[in-house]
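Here's the structure we're looking at; comments come further down.
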Amino acid sequence: PSKKTILVTGGSRGARFLNREIVKLYPFFIENNIQLLHVTGQRDYEETTKHSENLSDGSSLIKQYPYLNNMYDALQIADLCISRAGASFLAEMTFMGKPGIIIPFPYATHNHQVGNAKALEKQGAVIMIEEIKLENDKHVLKNNLEKLVKDDKILQDMQKASQKAGVKDTLAIIEKNIVKEIGVTIEK
């Protein structure tokens, strides 16, 4: 509980590019005594675990999973998330009030992941880094991580923004839209 914990996920299937960027930073996590929950996706799990096997002391800080059945628990303990910008995960992340570094999938239909990330970045809940920027500047992810894990004030401000961005009363909103759409009152 006393250590910072970072959750990395590329969605239920994983994200190869994201996994490759994160394994490069395993030494950074160990040097800074940061716990890492790395959800790799089934496809990249075996390759990703090879990187942690080659680490010396501190490798116990890095936990890798091909998939998590209970993202709620992982989000509950995370201080920061690093992920793609799928709407479902961003909704879960902001529901839990977690800040993030978001790396949108550049080939998403109509580039919607960039739009998702920009909306949260504008509110101050996340830092968006596009893949092209990561490809051109090998330090950009590490520099942003360092800034966030070493400055609790920035992380707390992002957390507040994420809490504000999260939609808490989704059932009531869905009910209201159903009632509006079909013109029927739902009895409780």
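- Residue Leu36 is tested with Thr5, Leu7, Ile22 for a side-chain contact (heavy atoms from CB on, under 4.5 Å); the sole match is Ile22.
- From Leu25, atom CG reaches atom CZ of Arg20 across 15.0 Å, with rounding to the nearest 0.5 Å.
- The shortest heavy-atom contact between Tyr45 and Tyr65 is CD1-C, 3.7 Å.
- Remark: the backbone N or O of Lys133 is not paired with any side-chain donor or acceptor of Asp137 at under 3.5 angstrom.
- Results of the side chain to side chain donor-acceptor pair (under 3.5 Å) test with Asp157 over Lys153, Lys160, Gln159 single out Lys153 as the only residue that passes.
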Just do the side chain to side chain contact (heavy atoms under 4.5 Å, CB included) check on Gln123 and Lys164 with the steps written out, would you? CA-CA 9 Å; Gln123 295 176 63; Lys164 189 174 179 184; 5.7 Å; no
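- Open room surrounds CD on Glu46; 12 or fewer heavy atoms of other groups in view lie less than 6.0 Å from it.
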Can Asn144 and Lys147 be said to form a side chain to side chain contact (heavy atoms under 4.5 Å, CB included), step by step? CA-CA 5 Å; Asn144 277 283; Lys147 178 175 74 171; 3.8 Å; yes
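- Each salt bridge (Lys or Arg N to Asp or Glu O under 4.0 Å) pair with one or both residues in residues 78-99, not counting sequence neighbours, appears once here: Arg84-Glu131.
- Proximity of Asn111 to Phe105: side-chain heavy atoms (C-beta onward) are nowhere separated by under 4.5 Å.
- Residues passing the side-chain hydrogen bond (donor to acceptor under 3.5 Å, both in side chains) test with Lys24, sequence neighbours excluded: Glu21.
- The shortest non-hydrogen separation linking Ala15 to Asp44 is C-OD2, 4.1 Å.
- Residues Leu90 and Ala85 share a closest heavy-atom pair of CD1-O, 3.6 Å.
- The minimum heavy-atom distance linking Ala108 with Gln113 is given by the pair CB-CG, 3.9 Å.
- By the 4.5 Å heavy-atom criterion applied to side chains, Lys4 and Asp152 are counted as neighbours.
- When all heavy atoms of Gly97 and Ser162 are compared, the pair lying nearest together is C-OG, 3.4 Å.
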For Ile103 and Leu134: C-alpha separation, side-chain torsions, deciding distance, then whether side chain to side chain contact (heavy atoms under 4.5 Å, CB included) applies. CA-CA 9 Å; Ile103 303 163; Leu134 280 168; 3.7 Å; yes
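- Here the shortest heavy-atom pairing between Leu155 and Pro99 reads CD1-CG, 3.9 Å.
- Within the 3.5 Å criterion, the main-chain N or O of Thr48 finds a donor-acceptor partner in the side chain of Gln64.
- Side chain of Asn116 to main chain of Gly86: no donor-acceptor pair is present (N/O by atom type, distance under 3.5 Å, no hydrogens or angles).
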Just do the side chain to side chain contact (heavy atoms under 4.5 Å, CB included) check on Gln35 and Ile6 with the steps written out, would you? CA-CA 6 Å; Gln35 297 177 117; Ile6 297 177; over 6 Å; no
